[in-house]
Amino acid sequence: MTTAVQAPSSTWAPLRRQAFRALWIAQLGSNIGSWMQSVGAQWTVVHQPDAATLTSIVQAASLLPVLFVSLPAGVLADVLDRRRLIAVVTAVMVAITAILAVLSARQLLPPATLITITLLLGACQALMSPAWQAIQPELVPRAELPSAAALGSLNVNIARAIGPALAGFVLALTGPAVVFGVNAVSDVLILAAVLRWRRKPADAAGPGEPLLPALRAGLRYVRYAPGVRRILLRALVFVLPASALWGLLPVVAAAQLGLGSGGYGVLLGALGLGAVGGAVVMRPLRARLGRNAMLAAATVAYAVGVFAAALVPNAVAVALLLVLGGVGWLIGLSTLNTTLQLALPGWVRARALAVYLMIFLGGQGVGALIWGLVAAGLGASATLTISAVLLVLGALSLVVLPIHPRTGELDRTVVMPWPDPEIGLLGDGEAELDPAAGPVLVEVCYHVPPENAAEFLKVLARVGVSRQRTGARKWSAYRDLAAPDRYYEVFEVGTWAEHLRQHHERITGVDAGLYRKAAEFALEPPENRHLLATGR
């Protein structure tokens, strides 16, 4: 089952919506401040001994916390109010960046302290990112999600075009303390915009989902969603080699091209300028090319920029080719992010996006650290050459490991295809169950004539994946030996509350279509039974 995703009138359509526009502008200011801080932090250590290793560690410190924080953050974003979560975390970031600016101004910022504070800020960013990603479908209709994702990537890259150059200018005139102070002020913009946004409360079928079961449910969904897993694999294949450029570009600027902080800012600005161009050309490219062709072309374009940084000795030529790299970076990120956003139902969106962020941002952090260590032995030029070759090989691998063409086009609207479970009188005379009671065993019986059996079993296997994706921790199919035309699917759900969520909150149009298709092979409607464990 698919849904028609109408193309938006333009890439800029979401900016016509007030809430999206206000948050986008605030995010732009905050991203400019973040890029200024990134440049200031890396430039603080670029003249230290082992600069290649230290700059990569600083880059990694801002990204590695996503590996440990992002998934719990995704759970929090799905079970708590996302607006309040973003506001609280942003307020903490304002305080941390202000402390960083004070320490820098007082010359109390050795590399170890800088790296520690960068880790804290990275943890805050990882805590907020799943919620920020997950609110996008609340701000724009589904048809505008591709444009919203593109504008989100464009936001980061406009900031990349402005922030580094501005940071280089400020560093040349003053010093890192002012750069860090600007970042603290920029985070206040996010806080103000979020507090002004009046988010519509999400409909809830019952009490909030406990954190640990919610975490297990999110991981279970990703495990049994093949299209989502393929997107995550493609993100990893792209980001691991791509991270080398971000970690080593300051070394290339200072040691290979002989540039100062301003020149380094210009190189980063070239990548950002290319991303702006990528946003302009992405919509017509999307109309002509499929997702896999878009991703392959974007990867190769980015690889050209990496090759330039590795091998070209002229700063102007490197900057020009980095523009092409910026085009590839934006189109690659937007293609992956949009496809994933469209592939996820609302109930698990933040958790699955948290896994994506763990892989993408964590991959950048791990990659930057690895490439920095490699560069310490081989040099920045040889290391970047290796990463560029790996990028090209990653583009070629799309032939054998593509994103499925229908991923992101299936109906992920939550529906309620099942009637409420029938409950008889319990021991105390009440027809109510403790939500924590369980496990619950659900049995579905199908009466299928022999001529339909082969096709029915193929569909039933897909039904089993759906049951596990939406909450079942075990699933099996059986045939009745006494009545061979009777088939049973039996699945176990951890608690009664989990099964009710399966009924009311987790079944999408795709899942419901599978259940209907399986039922069509039967001579009569399937029969359901719910069995509750009696205790241990």
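What you see below is based on every heavy atom in this structure, not just the backbone, and it leaves out hydrogens, waters and symmetry mates.
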* Structure fact -> When rounded to the nearest 0.5 Å, the distance separating OG1 of T383 from CG of L245 is 12.0 Å
* Minimum side-chain heavy-atom gap L401-R230 below 4.5 Å -> yes
* Side chains of V182 and I32: does their closest heavy-atom pair fall under 4.5 Å? -> no
* Start with the C-alpha distance between L236 and F360, add both sets of side-chain angles, then the distance that settles side-chain contact (heavy atoms from CB on, under 4.5 Å), and finish with yes or no. => CA-CA 6 Å; L236 185 63; F360 198 88; over 6 Å; no
* **salt_bridge(D511, R506) N-O dist < 4.0 Å** => no
* Do T97 and V185 come within less than 4.5 Å of each other through their side chains, counting heavy atoms only? -> no
* Asked: CD1 of I359 to CG of L232: how many Å apart, nearest 0.5 Å?
  -> 4.0 Å
* Answer whether the closest heavy-atom distance between the side chains of L249 and L271 falls below 4.5 Å. => yes
* Structure fact -> Between A298 and G332, the two heavy atoms sitting closest are CB-N, 3.5 Å
* Gap between atom OG1 of T385 and atom CG of L390 - 0.5 Å precision -> 11.0 Å
* Asked: Do the side chains of L114 and L100 get nearer than 4.5 Å, heavy atoms only?
  -> yes
* Asked: Is the number of heavy atoms from other residues, nucleotides or ligands within 6.0 Å of CZ (R223) greater than 12?
  -> no
* pair S30-Q27: side-chain heavy atoms closer than 4.5 Å -> no
* Tell me yes or no: between the side chains of T339 and R291, is some donor less than 3.5 Å from an acceptor? => yes
* Heavy-atom distance under 4.5 Å between the side chains of R469 and R220, does that happen here? -> no
* Can you check ring pair (Phe, Tyr, Trp, His ring centres under 6.0 Å) on W329 and W246, steps first, answer last? -> CA-CA 11 Å; W329 179 259; W246 301 111; 5.2 Å; yes
* Structure fact -> Closest non-hydrogen contact found for L267 with A253 is CD1-CB, 3.9 Å
* To do: To the nearest 0.5 angstrom, please state how far the CG atom of L295 sits from the CG atom of L289.
  => 11.5 Å
* Going from OG1 on T299 to CG on L393, what distance comes out if it is rounded to the nearest 0.5 angstrom? -> 11.5 Å
* To do: List the atom of A310, the atom of L384, and the distance in Å for their closest heavy-atom pair.
  => CB-CB, 3.5 Å
* **Atom of Q256, atom of S381 and distance for their closest heavy-atom approach** => OE1-CB, 3.9 Å
* **Contacts of type side-chain contact (heavy atoms from CB on, under 4.5 Å), residue R462, not counting sequence neighbours** => L514, K517
* **Pair T90-V194, side-chain contact (heavy atoms from CB on, under 4.5 Å): steps then yes or no** => CA-CA 9 Å; T90 302; V194 170; 5.7 Å; no
* Mind checking the CG-CD1 spacing from L240 to I370? Nearest 0.5 Å is all I need. => 7.0 Å
* To do: List the atom of A123, the atom of V69, and the distance in Å for their closest heavy-atom pair.
  => O-CG1, 3.7 Å
* Would you call Y221 and P345 a side-chain contact if the rule is heavy atoms closer than 4.5 Å? -> yes
* Asked: Got a sec, which residues hit side-chain contact (heavy atoms from CB on, under 4.5 Å) with T116, two or more places apart in sequence or on another chain?
  -> none
* Structure fact -> Closest non-hydrogen atoms of V239 and G363, given as atom of the first, atom of the second and distance, are CG1-CA, 4.0 Å
* Any salt bridge (Lys or Arg N to Asp or Glu O under 4.0 Å) involving residues 324-353? Give me the pairs, sequence neighbours left out, ordered by first then second residue. => D78-R351, E209-R351
